[in-house]
2 protein chains.
Amino acid sequence: MARKTGSHSQITGPRIRKAALKLIARHGFAAVTMRQIAAAVGVQAGALYLYTPDKQTLLFDLMRDHLEELLAAWEAEPKGDDPAEQLEAFSRFHIRFHLERPDAVFVANMELRNLEPENFVAIEDLRKRYEGVLVAILERGALHRDFTLPDSRLAAMAIIAMLSGVNTWYREGGRLSRERVERIYWNMIRRAVGA
Amino acid sequence: MARKTGSHSQITGPRIRKAALKLIARHGFAAVTMRQIAAAVGVQAGALYLYTPDKQTLLFDLMRDHLEELLAAWEAEPKGDDPAEQLEAFSRFHIRFHLERPDAVFVANMELRNLEPENFVAIEDLRKRYEGVLVAILERGALHRDFTLPDSRLAAMAIIAMLSGVNTWYREGGRLSRERVERIYWNMIRRAVGA
DNA sequence: GTCTATAGAAAGATAGAC
DNA sequence: GTCTATCTTTCTATAGAC
């Protein structure tokens, strides 16, 4: 087989990240080898080290990029003024954004254990910022008496867990459309917070 | 160091399982070595193979035992007749049972990927049986007009995800007592299903 | 930028002594 | 029932050719 020549750094980099995301989501970070990732991309294992200093940094970059994209996407999301409108926007946004990139979500949620301490702190900070978005919406709603909530933080954790659960069972082309899932979840959340 | 003598199979077996559960919950199945488990128990790696034929079977046994215990505990749980009573019993039971054994829960939820196909099917069957318990409660409640639900299966998935999320943030001796968490969650669920 | 080849470490599992 | 010792495999990461 002829050896490939020439520069592909603009192409290979993204392909490595995508293949790594897919493999790590399927099998877990510790179970995936650099050789497997390289094979999925069509290069030799050694070539991966042109794109990442080591396996740990590859994982960290995947998780950080996902969470930064999540926060940026929420910032760009159109949302109304009153708390109920914002809560609906958040609920629908969360479901949609997460269903669009199941591999990245899975990795970001499941591989915290495999981060080295320094990296763990950085990722946790990003996760907490996202939780803070929802807490702020709920607290403002409770203040304005739009919501009836004994504890905003706890409600935020409950709502995020519930919304994130969609990724574990939703299948494109299944019994329910994404729009219908969004509406049903929003209705449950709306009632749960007493809006 | 003097070599230990005598039989300890009644003691060592459970200690291996407990140590494995803890280590796998912390670091993930693929990242934990048989040598680490052995060291935590205070034996050599080879001795583990008196208690399990291989690492995969150890994982499978841990997950199966946890889920069988879960199903048996629900069977033994006192629960009323009407759907709302049963839903409250289920909600409180789920939180309590899961908070009591965080390591086993974590392993059972996170290590599905590391099961070989045959074992995966067996564990999925047990998981589905537990989900079926909640689906049945919700369907009966919807039938009797105790609950207002567009989709019982979807509501079941949402409720289980929400309840399971407690394990990710609850800390013994923290801001909220377990009883208070149970009550707040039950109130959110009660309103979400329109009871 | 990618390859081949390999150094060096560590894994799962087994054999045989005690 | 447990130990020590080891076989065999496989891993991450690097070196040097092209």
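Chain naming here is simple, since letters A, B, ... match the order of the sequence lines and numbering starts at 1 in each.
The OH atom of A:Y49 sits 15 Å away from the C1' atom of C:dA5 (whole-angstrom rounding). C:dT2 atom P lies 11 Å from atom CD of A:Q10, rounded to whole Å. Between the NZ atom of A:K55 and the P atom of C:dA9 there is a distance of 19 Å, rounded to whole Å. In this structure, CD of B:Q44 is placed 14 Å from C1' of C:dA17, rounded to the nearest angstrom. If you measure from atom CE of B:M34 to atom P of D:dC3, you get 14 Å, rounded to the nearest angstrom. When the P atom of D:dT8 is taken as reference, atom CG of B:D54 falls 20 Å away, rounded to whole Å. Rounded to an integer number of Å, the gap from OH of A:Y51 to P of D:dA13 is 17 Å. B:L23 has its CG atom 12 Å from the P atom of C:dG12, to the nearest Å.
At least one test fails for B:K79 against the ring of B:F90: distance under 6.0 Å to the centre or angle within 45° of the axis.
Residue order along DNA chain D, read from the 5' end via each residue's closest nucleotide, puts B:T12 first among B:T12 and B:R35.
B:L154 and B:L143 fall into different hydrophobic clusters, where Ile, Leu, Val, Met, Phe, Trp and Tyr residues are linked whenever their side-chain heavy atoms come under 4.5 Å apart, directly or through other members.
Classification of A:D61 and A:R64 as a salt-bridged pair holds, one side-chain N sitting under 4.0 Å from a carboxylate O.
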